[in-house]
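Comments concern the structure below.
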Amino acid sequence: MPTSLPACHLTNRYRWSDIRATEGWASLQHHSILRSTLTVTPPRKSISRTHPEILPSRLLVDLKQGSFFTFIPRESNERTFFPEWHTGNIYAMLRSGPSSVELPGTMNADRPATYDFFVSGDYEIRLFGDPRDYGEETPTLKISVSVSVEEKRNDIIRQVSHDVVCDFVNGYAFGNALGVGIRSLDSWWAVEDIKLPSNSSTALSLSLRNKLKIAPSQTRIIPILMEQNAPFFGNEITFLLILSEISSNANASKVAVPVTLPLRRISSWSVSTHEAIRASFFFAASHATLFLAKPPIFPSPDGTSVPIVALHGAGVDVISSPFWADAIPRQRHSWVIMPAGRTEWGLDWHGPSAFEAWATVILLLGHSNGGQGVWHLAVHYPDRVRAALPAAGYLNAQAYVPLTHARGERFADPALRRVLESALTPHNNDLFLGNVADSVPILAIHGGNDTNVPTWHSREYVSIVKSWGEGSNISFHEDEGKPHWYPEVFQGAHVQAFLERMLNPKFESTATSNSATQFTQTVVDPSQSGSLHGWAIDVVSIPGRLSRLHVNLRDGETHVRTTNVQTFSLSPVAIGSDRTLVINGVRLPGTSSTGGSQRFSRSENNTWTLENPADTPLSAPPPPGRIQNILNTPAPLTIIVPSELRAYARALSAALRIAHALDVYFKLDAEIVQDTVALDLLSSEGLEDGNLVVLGGAENAFARALLQAPQYTRSTEFSLAADGAWLFRGRPLPIPLASRAGAEEGISILFTHPHPSNTRGAAVFLAGTDARGEGLERALRLLPLRTGVSVPDWVIAGSGMDDQGAGGVLGAGVWNRSWRWSESMSWIS
């Protein structure tokens with residue numbers, strides 16, 4: 001029953017031109033709820049003429065450019081029913097499957113069921129553009145939805161949209177990673193083996209990178225390691241993927257899924273001809289991932305030519321669309337690497353999108369969202385950036401779309417907003433521009449008639465960098481009259497001259513020449529920051545706040561002034577490491593480096609001591625500072641659900657919705673396991689790789705094992721009492737009030753927690769205090785599965801969040817270095 005929603009025009013009672021006249025085009029961005037109805041006639045098979053039987057089924061919903069949707073039965077009881085909101089495909093990603101939806105309520109074989117269908121519609125400039133570009137004043141939502149019924153059965157089907165296959169150049173694969181998209185129609189499945197045809201070529205060998213498990217209705221990309229010992233000139237790779245149903249039933253199914261992967265074979269490049277090459281690798285240990293590579297005109301003379309990493313703008317699919325590769329000029333000796341950024345939108349080149357982009361030392365280039373990504377990577381990892389060429393990049397999200405019209409601004413305590421918005425600090429590129437002031441050569445470019453990202457953003461970038469001192473190497477080029485995108489943005493003579501100068505092997509930047517005499521490094525999250533001139537902030541004193549090192553070489557000594565720094569280190573080639581250090585006015589004799597790394601730590605009485613990093617490794621890392629950092633996982637996320645019968649169905653639904661959102665927005669993989677399985681894995685050291693998401697409280701045995709520990713061994717301020725009640729700082733949470741419907745209000749709980757077995761990893765707990773699932777559902781909506789969600793280390797929220805946004809938050813904060821209450825970075829009602 002495919003259907004679609006027409007374009008939605010808001011009524012003319014909103015005088016958009018008047019609103020825009022005082023508030024700017026950012027005021028066009030708004031949230032709305034769209035409502036329709038859906039009537040479902042369940043598929044049936046007839047046992048007899050009078051006793052038809054309903055076939056088990058679910059809905060497949062493909063919602064494009066809508067953020068969330070839900071179905072509510074017309075006959076639901078508000079006291080006992082709370083809707084489940086499912087993630088839409090708001091960015092219209094190309095390689096995403098539909099949402100699988102278990103219809104709420106009871107289906108009747110004798111008559112169809114009717115549901116109210118609600119869609120969350122969000123007008124974003126980046127999605128729908130400025131209506132004035134189309135000769136209109138009224139912003140228009142353009143949302144489409146397709147709905148179909150799928151029968152549940154114990155089977156596996158291919159999800160070809162998720163396949164990952166690299167190119168073969170002159171018979172050789174340009175990468176070692178293959179990915180095969182698989183979806184479970186029902187039941188749990190384990191991937192067991194690969195079987196090649198008996199007549200297959202011996203040039204290739206295939207093996208499973210990981211033996212994954214697939215939950216009912218889940219889609220996963222099966223990672224396959226490809227090894228090659230001879231050229232392969234076939235047009236496709238074929239094999240069988242063997243899966244077994246996970247069941248205690250002796251008659252559990254076993255299936256062999258036939259897989260055919262078409263290959264694109266291309267010839268090697270030459271001086272005059274080339275094609276952009278699809279290359280593959282394993283991201284986060286086992287996620288097959290593609291990127292594009294444009295070969296140089298000539299081979300590198302000594303193999304040391306610096307690569308160019310080109311970051312695409314929002315909504316650009318570099319794999320299937322040629323225009324991005326065509327826009328980047330081919331270089332004499334340097335490869336041009338075009339990462340996918342996980343997806344067309346990714347995480348705005350932050351977090352996992354940023355990690356995908358890294359090589360060693362690189363030259364960064366990007367446009368629009370990719371231009372912002374160039375700024376972001378350069379200011380956070382200046383020693384790894386040879387030069388930067390950002391075009392049409394926005395300053396930060398709040399400058400691009402101000403938060404002044406956010407609903408929560410009208411209700412939330414300003415002190416609470418300060419804590420919440422600290423989760424966005426790592427994205428505020430302008431705060432960290434001092435890191436590139438004398439270290440990274442920059443050419444900023446912008447079209448003079450850009451109506452998407454106004455030209456002032458690049459001008460402000462340049463102005464701030466220059467304000468950090470006279471040593472900056474930054475210039476600005478405005479292409480007069482040009483719009484946001486124009487094909488020749490990177491084709492001009494000024495661009496090529498900059499690239500040739502920066503890519504010249506004889507070029508020596510300030511970052512590598514040791515010529516700087518004073519500089520300031522600014523960091524907020526050391527786990528996502530690199531060094532500046534060889535200096536690195538390893539641990540901040542108060543997480544969530546800016547941390548700075550002010551370094552000044554004078555009088556034959558290196559003078560260091562610290563702000564919110566607990567530990568910092570110097571590499572063997574760090575500027576000033578060969579001199580005696582004077583830290584905050586105190587001279588530390590014997591601190592000049594003799595060639596090794598150095599680390600300095602501040603004690604409780606504010607004295608600094610020199611440590612040998614090899615002898616005194618850093619203790620367990622401080623908390624993430626924000627829940628979004630859980631996405632920076634070195635391996636697939638593990639989502640742990642309770643096996644307890646009364647909680648299992650809702651928790652599994654939540655886990656599947658999280659896994660689906662991770663796949664749609666970030667192409668991140670997740671394995672769903674029950675709590676008893678997770679405990680077994682924990683005892684056998686099988687949970688050591690990826691980060692964890694734990695759903696539920698006392699109903700989850702894994703949560704009980706971590707949170708019902710004695711007070712002195714608890715890892716955070718959240719715990720579970722012996723009777724299963726939630727405690728915060730050893731005290732019960734506020735007694736839930738009665739909601740408007742008369743039902744018990746569910747309090748939502750989210751918090752980060754140390755990983756129980758991986759000292760470099762982390763876990764996130766999501767739970768609610770009520771039986772009907774209201775608290776858990778709100779917690780899910782707070783999980784930052786898109787950019788711009790300001791959620792720090794922990795949040796407690798009530799039903800007021802529905803009407804008042806941040807005004808419904810009951811408490812929030814950033815943990816201190818020991819994962820405990822931080823007086824200066826916490827707020828409680």
Side-chain angles (χ1 to χ4, degrees), residues 95 158 160-182 191 193-210 221-242 256-283 285-305 307-309 318-322 325-326 328 330-340 356 359-360:
R95 296 176 182 84
R158 291 273 283 111
V160 179
S161 61
H162 286 55
D163 288 351
V164 176
V165 187
C166 64
D167 288 341
F168 277 67
V169 181
N170 281 359
Y172 283 93
F174 220 75
N176 66 345
L178 293 176
V180 176
I182 292 289
V191 182
D193 199 5
I194 288 177
K195 287 191 175 179
L196 294 169
S198 57
N199 61 348
S200 61
S201 170
T202 59
L204 296 178
S205 64
L206 306 179
S207 59
L208 292 174
R209 179 83 167 192
N210 273 354
I221 299 175
I222 311 305
I224 297 172
L225 177 65
M226 177 173 53
E227 297 176 285
Q228 190 170 4
N229 55 46
F232 179 76
F233 295 100
N235 293 317
E236 59 189 27
I237 300 174
T238 61
F239 53 90
L240 294 175
L241 203 54
I242 310 301
V257 180
V259 176
T260 299
L261 300 176
L263 301 181
R264 193 175 80 138
R265 295 192 292 112
I266 61 178
S267 300
S268 185
W269 55 93
S270 66
V271 172
S272 58
T273 63
H274 76 281
E275 291 184 70
I277 305 166
R278 296 177 185 175
S280 69
F281 72 106
F282 288 110
F283 176 82
S286 63
H287 202 297
T289 300
L290 289 177
F291 66 93
L292 278 192
K294 176 178 280 193
I297 299 172
F298 305 107
S300 174
D302 56 3
T304 62
S305 295
I308 296 175
V309 174
V318 299
I319 305 304
S320 61
S321 175
D326 293 343
I328 313 301
R330 193 180 180 198
Q331 300 301 307
R332 289 180 61 81
H333 300 295
S334 292
W335 283 83
V336 178
I337 308 300
M338 291 161 274
E356 182 188 326
T360 51

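Numbers for residues simply follow the sequence, beginning at 1.
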Quick one: does any side-chain atom of [X] pair with a main-chain N or O of [Y] as donor and acceptor, under 3.5 Å?
X	Y	value
Arg330	Pro296	yes
Arg265	Gly171	no
Arg332	Ile297	no
Lys294	Ala325	yes

- Message: Using the rule side chain to side chain contact (heavy atoms under 4.5 Å, CB included), only one of Val165, Ile221, Leu225 pairs with Leu178; which is it?
- Response: Val165
- Atom pair CD1 (Ile222) and NE2 (His162), whose distance is rounded to the nearest 0.5 Å: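 Answer for the CD1-NE2 pair, Ile222 versus His162, is 11.0 Å.
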- Item | Spacing of Ile194 atom CD1 and Leu206 atom CG [to the nearest 0.5 Å] | 5.5 Å
Could you list the residues that satisfy side chain to side chain contact (heavy atoms under 4.5 Å, CB included) with [X], not counting sequence neighbours?
X	value
Thr260	Glu236, Thr238
Val169	Phe174, Ile266, Ser268, Trp269, Ile277
Pro301	Ser305, His333

- Task: Could you list all the salt bridge (charged side-chain N to carboxylate O under 4.0 Å, His left out) pairs where at least one residue sits in residues 225-234, not counting sequence neighbours?
- Result: none
- Message: Listing request: all side-chain hydrogen bond (donor to acceptor under 3.5 Å, both in side chains) pairs with a residue in residues 165-178, at least two apart in sequence or in separate chains.
- Response: Asp167-Arg264
- Minimum heavy-atom separation for Phe239 to Pro197, with atom names? CA-CD, 4.2 Å
- What are the two closest non-hydrogen atoms of Ile337 and Pro307, and how far apart are they? CG1-CB, 4.4 Å
- Sequence-distant partners of Ser272, side-chain hydrogen bond (donor to acceptor under 3.5 Å, both in side chains), two or more places apart: none
